[in-house]
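Protein chains get the first letters and strands the later ones, always in sequence-line order, with residue 1 at the start of each.
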Amino acid sequence: MGPSGDTIPANREHEFGEIPGSATGRGIAPITALGGRAPVNLDLSGHKSRGMQERIVGVLLWICGALSLLTTAGIIFVLFQQAFVFFQQIPITDFLFGTTWTALFKTPLYGVLPLVSGTLMITLIAMLVAIPLGLMSAIYLSEYAPNRAREILKPALELLAGIPTIVYGFFAVTFIRPDILVKIFPGIGPFSALSAGVAVGILTIPLVASLSEDSMRAVPRALREGGYALGATKLEVSWQIVVPAAISGIIASFILAMSRAVGETMIVALAAGSKAQLTGNPLEPMQTMTGFIVQAFSGDMVVGTPPYLSLFAVGLLLFFITLALNLISQKVVGRFREAYE
Amino acid sequence: MNSAIEQVGTPNAAADVDVIVSIRDLNVFYGKFHAVGNVSFDVPKNQITALIGPSGCGKSTVLRCINRMNDLIPEARVEGRIEYHETDINSSNVDPVEVRRHVGMVFQKPNPFPKSIYENISWGAQINGHKGNYDELVERCLRQAALWDEVKDKLQESGLALSGGQQQRLCIARTLAINPDVILMDEPCSALDPISTLRIEDLMRELERQYTIVIVTHNMQQAARVSDQTVFFSLGENRMGVLVEASQTRQLFTNPNDQRTEDYITGRFG
C-alpha cells in the first residue's frame with residue numbers, strides 16, 4: 001500500500017467538508033492533496049515470471065478447448081467420408097426416398113424412409129408423454145410446491161435422468177408393455193413403437209421438467225404479483241402469466257427433449273423390435289435409425305461393403321436431424337426471449 | 001370510534017367523510033420478526049392517503065395487507081382487523097382473490113406483462129369475467145391513465161417496449177380495467193424520472209374523483225403535493241414499524257402533533 005493508501009479519505013474531504021475529529025487525516029492531506037508526487041520506492045513492474053505463467057496457462061486452456069472442437073470435426077469428417085463412398089455405390093435419391101430397408105438381407109435395399117418413420121413415430125409418442133407430464137411437473141415445482149417438496153422432488157427428478165437407458169429398455173419390455181399397454185391395447189405385440197415411445201417419453205420427462213422449471217423460476221416475482229393484484233387465481237397466474245413469460249425456455253426444452261428422443265438408442269433397440277417397416281400403426285414393431293446401427297454392429301459385417309457403409313449414411317442423417325433441432329432450439333430461445341432487468 | 005384512533009388523531013372523526021378501509025390493531029410478523037405493531041387508521045373514500053416514513057418502517061407491509069398480498073409470502077402472518085366496507089378481509093371466509101378484485105395495486109417497479117399493450121389491459125378484465133366490449137374498455141382505461149394518445153397506434157406492440165413512465169401508466173390502466181374501488185400504490189414513482197413522476201401525480205388527482213387511493217412514498221414532497229391525509233410511520237423497539245401520526249396532510253406537514261414527525265419532516269431524521 002505505502003503512504004498512498006491514506007489518500008482516499010483525505011482526497012474526499014472536499015466532498016464532506018471538514019470531518020470533525022480527523023485532525024490526523026488532515027495532517028496528511030497537504031502532502032497527498034498535491035497529487036502526483038510518487039512515493040520514492042514505487043515499482044509497478046511486477047514479478048518477471050508472471051507474464052510467462054499467464055501465457056502458458058492460456059495456451060493450455062486453448063488446447064483443451066481446441067481438443068473438443070477437433071473431436072467433433074473428426075467425427076463429422078469420418079461420417080462424411082464413409083457416407084460419400086456409400087453414395088458412390090447407392091444413389092442418394094434411392095437412399096433418401098426408398099421405402100424398403102433390407103440392408104442386412106441377401107438382396108439389400110437401402111431406402112431409409114422406414115427407419116426415419118420409425119424414429120419419428122417413436123419421437124412423436126415420446127413427446128406426447130414427455131411434454132404434458134414434464135410441463136405439469138415444472139408448473140407444480142415452480143408455482144405450487146412448497147420449498148420443502150421442491151427440495152426433495154427436483155433432485156429426485158434429476159436422478160431419473162441419470163438411470164442408464166438400457167434399464168428403461170427392459171422396463172419397457174417387462175413392465176410397460178405387459179402390465180399397462182396390453183390392458184389398453186390387447187393387440188400389441190412383444191415389441192412395438194408404442195412401448196418404446198412411452199419409455200423414451202418417461203426418459204425425457206426430467207429434461208423437459210427441469211429446463212422448463214428453470215425458465216419459469218427465472219420469471220420475475222413482480223410479474224406474478226402483478227397478476228395476483230388483478231384478482232387472478234394461482235392457476236391463472238401460472239398458466240397465463242408465468243408460462244407465456246417463460247415460453248422461450250419451455251419450447252427449447254421441448255426441442256432438446258425431441259433431439260434426445262431422436263438419438264435415443266438402447267430403449268428402442270430393446271423395446272421397438274428390429275423390423276424396419278413403413279407403417280403408421282404404433283402397435284407394430286419398428287426400427288429406428290439408431291436401432292439399425294446397433295443391430296448392424298452386433299452382427300458380422302465386412303468392412304467396406306455397402307451394408308457397412310450404410311451405417312455411416314444413416315449416422316450422417318441422424319447427425320443432420322439433431323443438428324437441425326438444436327439450431328431451431330437456439331433460434332427459438334433468441335426469438336421469444338423477453339428481456340427482464 | 002375506536003379510542004386508539006382518537007389518540008393518534010384521525011381527521012375523519014371530525015370531518016364527516018365515508019371511511020372505506022378501516023385498519024384496527026394490525027400486527028404483521030415475518031417468521032419471528034415483528035415487522036409492524038398495533039397500527040390503526042382509517043382510509044377515507046375518494047381521497048388520497050399517503051403512507052410515509054423511513055425505510056424499513058413497514059409502510060409497504062401495511063399497504064400489502066389491504067389487498068392480502070402478504071398471503072403470497074409463506075412466512076408472513078397478519079393479525080388484526082382490516083375492514084373493507086365493514087367486512088373484515090382477514091376473516092377466514094374471505095377469499096383473497098375476491099379482495100384483490102376490489103382493491104387493485106400498482107407496484108414500485110413497473111411490471112407490465114410480456115404481452116401486447118391491448119392484452120395487458122384486457123387480461124385482468126377477462127379473468128374477472130368482463131362481458132362488455134373490450135375495445136372500448138381498453139380505450140377508456142388508457143384514456144383514464146393518460147396514455148391513449150401515446151399508444152393508440154401501437155396497441156398490439158409489447159408492453160415492455162414502452163418507456164418506464166409509460167409502463168407505469170399502463171400498469172395503472174390495467175388496474176383500472178378491473179374496476180376497483182381502492183387503488184394501492186407502492187412507491188409508484190420511485191423508478192421514474194421527474195417528468196413521468198409529475199404525470200403520475202396529475203393522474204392520481206384525476207383518479208381521486210372515482211377511486212380511493214392509498215400511496216406509499218418516501219418522497220415527502222410527493223406526499224405533500226398529492227395527498228389529503230398522511231400517515232407517518234417510524235421505527236419502534238426492535239425495528240418494529242409503528243404508526244406515529246395520522247392527520248390531514250396540511251396539518252401533518254405544518255403543525256405535527258408528534259416530535260418524531262417534526263424531526264422527520266424537517267429532515268433531522270431518516
Side-chain angles (χ1 to χ4, degrees), chain A residues 16-17 20 138-154 212 214-252 332-341, chain B residues 63-64 66-75 95-116 119-130 158-161 164 167-168 170-180 182-186 191:
Chain A
F16 299 118
I139 292 176
Y140 173 73
L141 284 174
S142 157
E143 306 301 309
Y144 284 80
N147 279 334
R148 211 33 175 311
R150 180 174 29 243
E151 277 161 22
I152 298 167
L153 284 173
K154 190 142 195 227
S212 298
D214 288 345
S215 120
M216 286 165 65
R217 298 265 282 173
V219 172
R221 202 186 132 91
L223 280 189
R224 294 185 178 83
E225 291 201 329
Y228 286 121
L230 293 173
T233 61
K234 192 163 215 167
L235 183 65
E236 285 161 342
V237 169
S238 307
W239 198 244
Q240 299 179 35
I241 300 291
V242 179
V243 169
I247 199 71
S248 70
I250 292 172
I251 292 179
V332 166
V333 172
R335 167 120 189 243
F336 289 98
R337 177 155 38 209
E338 297 285 358
Y340 306 112
E341 287 165 81
Chain B
L63 189 78
R64 291 167 62 94
I66 305 176
N67 66 343
R68 298 269 309 255
M69 256 346 228
N70 287 325
D71 287 30
L72 303 175
I73 301 170
E75 65 270 25
D95 180 358
V97 169
E98 215 46 56
V99 172
R100 294 178 199 134
R101 290 179 178 189
H102 293 91
V103 183
M105 188 167 200
V106 176
F107 296 84
Q108 184 170 358
K109 248 177 66 182
N111 58 350
F113 302 127
K115 301 174 186 286
S116 71
E119 287 169 319
N120 258 284
I121 292 167
S122 63
W123 187 75
Q126 192 189 322
I127 59 167
N128 280 278
H130 177 72
S158 169
L160 293 172
Q167 287 188 4
Q168 195 63 302
L170 180 64
C171 291
I172 292 174
R174 151 182 109 178
T175 304
L176 299 178
I178 64 167
N179 203 16
V182 180
I183 301 174
L184 309 176
M185 298 187 171
D186 190 357

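Atoms CG and CD, from A/Asn147 and B/Glu75 in turn, are 9.0 Å apart once rounded to the nearest 0.5 Å.
Between chain B and the options A/Arg221, A/Lys234, A/Arg224, A/Gln240, the largest number of non-hydrogen pairs under 4.5 Å is found for A/Gln240.
Taking all atoms of both residues into account, the shortest heavy-atom contact from B/Pro114 to A/Leu223 is CD-CD1, 3.6 Å. For the pair A/Pro244 and B/Lys115, the tightest heavy-atom approach, listed with the atom from each and the gap, is CG-NZ, 4.3 Å. Heavy atoms only, all atoms of each residue included: B/Ile127 and A/Leu230 are closest at CD1-O, 4.1 Å. When all heavy atoms are compared, the tightest approach of B/Phe107 to A/Gly226 is CE1-CA, 3.8 Å. Between B/Asn111 and A/Ala222 the shortest heavy-atom distance is ND2-O, 2.7 Å.
Interface remark: B/Val103 contributes backbone atoms only to the contact with chain A (heavy atom separation under 4.5 Å). For B/Arg68, no part lies near chain A; criterion is any non-hydrogen pair under 4.5 Å. If you measure heavy-atom distances from B/Phe113 to chain A, the contacts under 4.5 Å come from both the backbone and the side chain. For B/Ile73, the part lying under 4.5 angstrom from a heavy atom of chain A is the side chain only.
At a threshold of 4.0 Å, the pair B/Arg100-A/Glu225 does not count as salt-bridged, since none of the basic side-chain nitrogens sits closer than that to a carboxylate oxygen.
Counting only heavy atoms from C-beta outward, the side chains of B/Asp71 and A/Tyr228 never approach each other to under 4.5 Å.
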